[in-house]
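Here is the structure we will look at.
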Amino acid sequence: MPIDKEVAARAALRLLEEDGLDKLTVRRVASALGVQAPALYWHFADKRALLDQVVDVMLAPAAGELDRPAAGEPWWEWLERSLRALRRALLAHRDGARVAAGADLTRAVAMGTFAERITEVLHGAGFGLADASRAAGALVHFVVGRALEEQSRPAPEEEARAVERDGFPFPVLAAALRERHAAGITPEEDFGYSLTIMLTGLRALRDRLG
């Protein structure tokens, strides 16, 4: 029976949610579909190609809702809500950011859609096309990287214990982390703060363009 790429990707996503990326193999996906591994290699040259299809399945709903700035909506506010949507989509799946890291956008089309639309919006805001694409790449990679950190970062209680251990080599960082933990700052707030830094920089660059 022919194997549909999306069916295979959804089977891989189910296994990913159950056991994580480290245990996900093409052979296991084939077994879940009741076929031999060569049947999948007909569609996917390697595991990375399969993962790119998984990324497409993970992000397709968010990409499908990706709009353009509403009338009167500042471009940087549109960027913020669109990038938050990308982050939520990555965090909605176990190891979602690890799967997305290094994706080929010609196969992970939904992820490419974010880069395409962000480039379009930044170009419309006055950035040169090349610079708009460079900024789009930086923003998408930033979101993936932050999501990757969130999914691999220890729980707040564990992190708090780590900075109190003997031999922690960064006293200023330890003090800063204590302050953040005491304030109850959440990962989402951390993300928002970092995103504000990036968007403020882009707005300053745009202002220099006149």
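Note that the coordinates shown come from a computational prediction; the quantities given were computed from them, not determined experimentally.
- Using a 4.5 Å cut-off on side-chain heavy atoms (C-beta onward), W78 and I118 make contact.
- Q53 contributes atom CD, which lies 8.5 Å from atom CG of D4 (distance to the nearest 0.5 angstrom).
- Enclosure of atom CD in E164 by more than 12 non-hydrogen atoms of other residues, nucleotides or ligands within 6.0 angstrom is indicated.
- With respect to the salt-bridge test (charged N to carboxylate O, under 4.0 angstrom), the residues K47 and D52 do not qualify.
- Contact annotation: the side chain of H181 never approaches that of E157 to less than 4.5 Å [non-hydrogen atoms, C-beta and beyond].
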Compile the donor-acceptor pairs under 3.5 Å between side chains in residues 56-66 and protein atoms, sequence neighbours left out, one pair per line.
| from | atom 1 | to | atom 2 | distance (Å) |
| --- | --- | --- | --- | --- |
| D56 | OD1 | V109 | N | 3.1 |
| D56 | OD1 | A110 | N | 2.6 |

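- Separating the CG atom in L51 from the CG atom in L16 is a distance of 8.0 Å, to the nearest 0.5 Å.
- Partners of E77 under the side chain to side chain donor-acceptor pair (under 3.5 Å) rule, at least two apart in sequence or in another chain, do not exist in this structure.
- Residues D190 and R180 approach most closely at OD2-NH2, 3.1 Å, considering heavy atoms.
- The main-chain N or O of A130 is found under 3.5 Å from a side-chain atom of S133 such that the two form a donor-acceptor pair.
- Here the straight-line distance linking atom CZ of R146 with atom CG of L86 works out to 14.0 Å at 0.5 Å rounding.
- Using a 4.0 Å cut-off between charged side-chain N and carboxylate O, R68 and E120 make a salt bridge.
- Both tests do not hold together for R84 against F191: distance to the six-membered ring centre under 6.0 Å, angle to the ring axis within 45°.
- Around the CD atom of E73, the shell of radius 6.0 Å holds more than 12 heavy atoms that belong to other residues, nucleotides or ligands.
- Counting only heavy atoms from C-beta outward, the side chains of D131 and H123 never approach each other to under 4.5 Å.
- Every residue was checked against the side chain to side chain donor-acceptor pair (under 3.5 Å) condition with E116, not counting sequence neighbours, and none meets it.
- Here CD of Q36 is found 12.5 Å from OH of Y41. Values are rounded to the nearest 0.5 Å.
- Taking a cutoff of 4.0 Å between a charged side-chain nitrogen and a carboxylate oxygen, D67 and R117 do not qualify as a salt bridge.
- Within the 4.5 Å cutoff, side-chain heavy atoms of L177 are placed close to those of L173.
- Partners of E17 by side chain to side chain donor-acceptor pair (under 3.5 Å), not counting sequence neighbours, listed by chain and number: H93.
- Hydrophobic clustering (side-chain heavy atoms under 4.5 Å, transitive across Ile, Leu, Val, Met, Phe, Trp, Tyr) keeps L139 apart from L129.
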N/O donor-acceptor pairs under 3.5 Å from side chains in residues 198-210, not counting sequence neighbours:
| from | atom 1 | to | atom 2 | distance (Å) |
| --- | --- | --- | --- | --- |
| T200 | OG1 | T196 | O | 2.7 |
| R206 | NE | A125 | O | 2.4 |
| R206 | NH1 | G210 | O | 2.7 |
| R206 | NH2 | A125 | O | 3.4 |

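- Using a 4.0 Å cut-off between charged side-chain N and carboxylate O, E158 and R153 make no salt bridge.
- A distance of 7.0 Å separates CG in D22 from CG in D95, rounded to the nearest 0.5 Å.
- In this structure, R98 contributes its side chain and L148 its backbone to no donor-acceptor pair below 3.5 Å.
- Note: the hydrophobic cluster containing L15 also contains V7 (ILVMFWY, side chain heavy atoms under 4.5 Å, direct or indirect links).
- Other residues, nucleotides and ligands contribute at most 12 non-hydrogen atoms within 6.0 Å of the CZ atom of R27.
- Within 6.0 Å of CZ on R48 lie more than 12 heavy atoms contributed by other residues, nucleotides or ligands.
- Hydrophobic clustering (ILVMFWY, side-chain heavy atoms < 4.5 Å, transitive): L195 and L91 are in distinct clusters.
- Legend: residues meeting side chain to side chain donor-acceptor pair (under 3.5 Å) with R10, ordered by chain and number and at least two apart, are E6.
- The two residues L122 and A135 have their closest heavy-atom pair at CD1-CB, 3.6 Å.
- Inter-residue side-chain proximity for V29 and L50 is flagged as met; some heavy-atom pair is nearer than 4.5 Å.
- The shortest distance between side-chain heavy atoms of V99 and L13 does not fall below 4.5 Å.
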Please lay out, stage by stage, how E18 and K23 fare under the test salt bridge (charged side-chain N to carboxylate O under 4.0 Å, His left out).
CA-CA 9 Å; E18 291 172 7; K23 293 185 178 180; over 6 Å; no

